[in-house]
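Reviewing the structure listed below.
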Amino acid sequence: MTSTEKRTHDPIDISSQAFWARPPHVREESFAELRRERPLSWHPPAETDLLPDPDAPGFWALVTHADIQAVSRDAETFASGQQYGGVMLEDAPEDVLEGAHSILAMDAPRHHRLRKVISSVFTPRRVRRIEEQIAEQARLIVDDLLEQPGSADFVTAVSARLPMWTISEMIGIPESRRQEIADAANAMVAWNDPDHIGDGDPMAVLLGSLMTLHTMSFELSALRREQPADDLMTALVQAEVDGASLTDEEIAAFFVLLCVAGNDTTRQTASHAILALDRNPDQRRVLTEQFDDRIGPAIEEFVRWASPVLTFRRTATRDTEIRGQRIAEGERVVMFYHSGNRDESVFTDPHVFDVTRTENPHVAFGGGGPHFCLGSHLARAQLRSLFGELLARVPDLSVGEPEWLAGNFINGIKRLPVTFGNGS
């Protein structure tokens, strides 16, 4: 039962759409003040055009690294499931949660069963093959970049291409449908952005995109049951662990999660990282000079710096406490990962981009616990291959001003102009 206790809202606005339309470094000023003065604070519900509800409950903001980790690892007390409203800052229809969020919006035991089945298809052989595909894809993407006449949008030409290409090859999406699926996946996290909705209704954009992705998944799963191939969809339709297999609807929900989360993590991290390397030429030089030795720590810094996923919400399943403050059963807590990754009590000089950072326990893939990012290994492989190609072959790449995506879920760069010579 949700608490009816009246609480005073914090004076800092982190709920409005206007706040989330600001650039990340401007928003960070608000989170720095919260970490410093009010590490646990109560806020009004997120402003939304999706399911506006004047009676929607507020939320507790978790802005420190320690609190994000503690809540992430206590899945019994802080739930993600659909019956609690899922993981997004704003509310979404239950059929969207079921059809789009897959294991993100599940609790034990269902979460454990589905994650176990899904994990089983990522065999060592399949992972090696995917890594080989990623390396070749990164090489070809940089080939294509260098064919352009000295300028491009980095997002379109590079960072958006690799993850969607990887996913398409992994799961068997035909090349002719790849852009359609990429557009639908992008709209799933940018339903409030004018570039995606135009004059349309946000809910219609969201549901239309979800239908596009589900239709593709149903077509692929039916095809692979009749004509098995060496791809992830075949493995998913055939997978069985402890007598449990996946339904077409469960596969479709995971397909959506793969296309959306698997796309945006690498896309946004790569975009933020190339921008940071351009603005910090000393770091670019350090990484380029000893790439093989330094790319491991550098990738962790890329991901910390980008924090591509901004927020996830949990709901208290029972009365509890955080920092001595009573959290009532049914109340919402929201983890702000970007803030946790700038926590001065954990990271030395957190506002400095440092590719040699050795102590880097970032929470960009989650704060631990059962919902830790399933695709973190593949994201790291993509970043390693992509930056290996870029730094070696496009040494004079220069980055212009980013155009930011407005929203409280993805820390997004919509467009990023770059210029370069002929490379090598």
Side-chain angles (χ1 to χ4, degrees), residues 23-25 28 134-135 137-163 264-308 338 341-342 347-362 364-365 376 379-404 411-424:
H25 69 277
E28 168 52 21
I134 288 170
Q137 290 160 0
R139 184 184 67 79
L140 293 173
I141 286 169
V142 174
D143 283 350
D144 291 345
L145 176 68
L146 293 172
E147 290 291 322
Q148 301 195 37
S151 65
D153 169 32
F154 185 83
V155 175
T156 302
V158 180
S159 62
R161 283 191 66 194
L162 180 57
D264 268 299
T265 301
T266 300
R267 170 181 175 169
Q268 303 305 343
T269 301
S271 298
H272 282 273
I274 200 67
L275 178 62
L277 288 169
D278 180 82
R279 302 300 192 259
N280 297 272
D282 59 322
Q283 295 300 298
R284 179 171 181 157
R285 184 175 59 254
V286 163
L287 177 56
T288 303
E289 289 175 351
Q290 297 185 41
F291 181 84
D292 289 340
D293 291 336
R294 290 176 169 158
I295 186 58
I299 286 172
E300 301 311 311
E301 183 70 346
F302 291 174
V303 180
R304 181 193 75 90
W305 189 257
S307 297
H338 186 275
N341 284 335
R342 298 295 186 274
F347 300 97
T348 302
D349 296 325
H351 300 286
V352 172
F353 177 72
D354 180 5
V355 298
T356 66
R357 188 183 297 274
T358 54
E359 297 295 324
N360 197 349
H362 65 76
F365 289 128
S376 58
R380 291 182 174 106
Q382 289 172 326
L383 293 166
R384 177 183 293 271
S385 291
L386 185 58
F387 280 88
E389 295 287 336
L390 286 168
L391 294 175
R393 300 176 59 198
V394 200
D396 59 350
L397 187 78
S398 179
V399 183
E401 291 302 314
E403 183 177 344
W404 302 103
N411 192 17
I413 296 176
K414 292 197 294 186
R415 281 174 278 275
L416 189 64
V418 294
T419 56
F420 47 90
N422 292 328
S424 60

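Predicted, not measured: the structure shown is a model, and the values here were computed from it. All values below were derived from every heavy atom in this structure, side-chain atoms included, with hydrogens, water molecules and symmetry-related copies excluded.
Here CG of L287 is found 10.5 Å from OG1 of T356. Values are rounded to the nearest 0.5 Å. Here the straight-line distance linking atom CZ of R139 with atom CD of Q137 works out to 11.0 Å at 0.5 Å rounding. Atom CG of residue L145 and atom OG1 of residue T156 lie 11.5 Å apart, to the nearest 0.5 angstrom. In this structure, the separation between CD1 on I141 and CD1 on I134 is 10.5 Å, given to the nearest 0.5 Å. The CD atom of E403 sits 9.0 Å away from atom CG of D153, with the distance rounded to the nearest 0.5 Å. A distance of 10.0 Å separates CG in L277 from CD in E301, rounded to the nearest 0.5 Å.
Shortest non-hydrogen contact noted between V399 and L275 is CG1-CD1, 3.8 Å. For the pair A135 and S385, the tightest heavy-atom approach, listed with the atom from each and the gap, is CA-OG, 3.7 Å. Here the closest non-hydrogen pair linking H362 and A364 is ND1-N, 3.2 Å. When every heavy atom of T288 is checked against every heavy atom of R284, the shortest pair comes out as OG1-O, 2.7 Å. Heavy-atom minimum distance, P402 versus I413: CB-CG2, 4.0 Å. Across every non-hydrogen atom of A152 and Q148, the tightest pair is CB-OE1, 3.4 Å.
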Show the numbers, then the answer: is there a side chain to side chain contact (heavy atoms under 4.5 Å, CB included) between V418 and V394? CA-CA 11 Å; V418 294; V394 200; over 6 Å; no
task = Starting from the C-alpha separation in whole Å, work towards a yes-or-no answer on side chain to side chain contact (heavy atoms under 4.5 Å, CB included) for I274 and L397.
result = CA-CA 9 Å; I274 200 67; L397 187 78; 3.6 Å; yes
Next on the checklist: Does R294 form a side chain to side chain contact (heavy atoms under 4.5 Å, CB included) with V286? I'd like the steps, not just the answer.
Outcome noted: CA-CA 8 Å; R294 290 176 169 158; V286 163; 3.1 Å; yes
Could you go step by step and tell me if S159 and T266 meet the side chain to side chain contact (heavy atoms under 4.5 Å, CB included) rule?
CA-CA 7 Å; S159 62; T266 300; over 6 Å; no
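Contact annotation: the side chain of Q268 never approaches that of N411 to less than 4.5 Å [non-hydrogen atoms, C-beta and beyond]. Counting heavy atoms from C-beta outward, D264 and P308 have side chains that stay 4.5 Å or more apart. Contact check for D143 versus R393: side-chain heavy atoms found under the 4.5 Å cut-off. By the 4.5 Å heavy-atom criterion applied to side chains, P395 and F420 are not counted as neighbours. Between V303 and L383, some side-chain heavy-atom pair lies under the 4.5 Å cut-off. For the pair P350 and N341, the minimum side-chain heavy-atom distance is 4.5 Å or more.
Judged by distance alone, with hydrogens and angles left aside, the side-chain atoms of R357 form no donor-acceptor pair with the main-chain N or O of E300 at under 3.5 Å. Within the 3.5 Å criterion, the main-chain N or O of W305 finds a donor-acceptor partner in the side chain of R342.
Each of L162, T269, I299 was scored for a side chain to side chain contact (heavy atoms under 4.5 Å, CB included) with Q382, with one residue passing: L162.
The ring-ring contact (aromatic ring centres under 6.0 Å, His included) pairs that include a residue from residues 380-404 are H272-W404, F302-F387, where partners are two or more places apart or lie in different chains.
In this structure, R279 forms no cation-pi arrangement with F353, as its terminal cationic atom is not both closer than 6.0 Å to the ring centre and no more than 45° off the ring axis.
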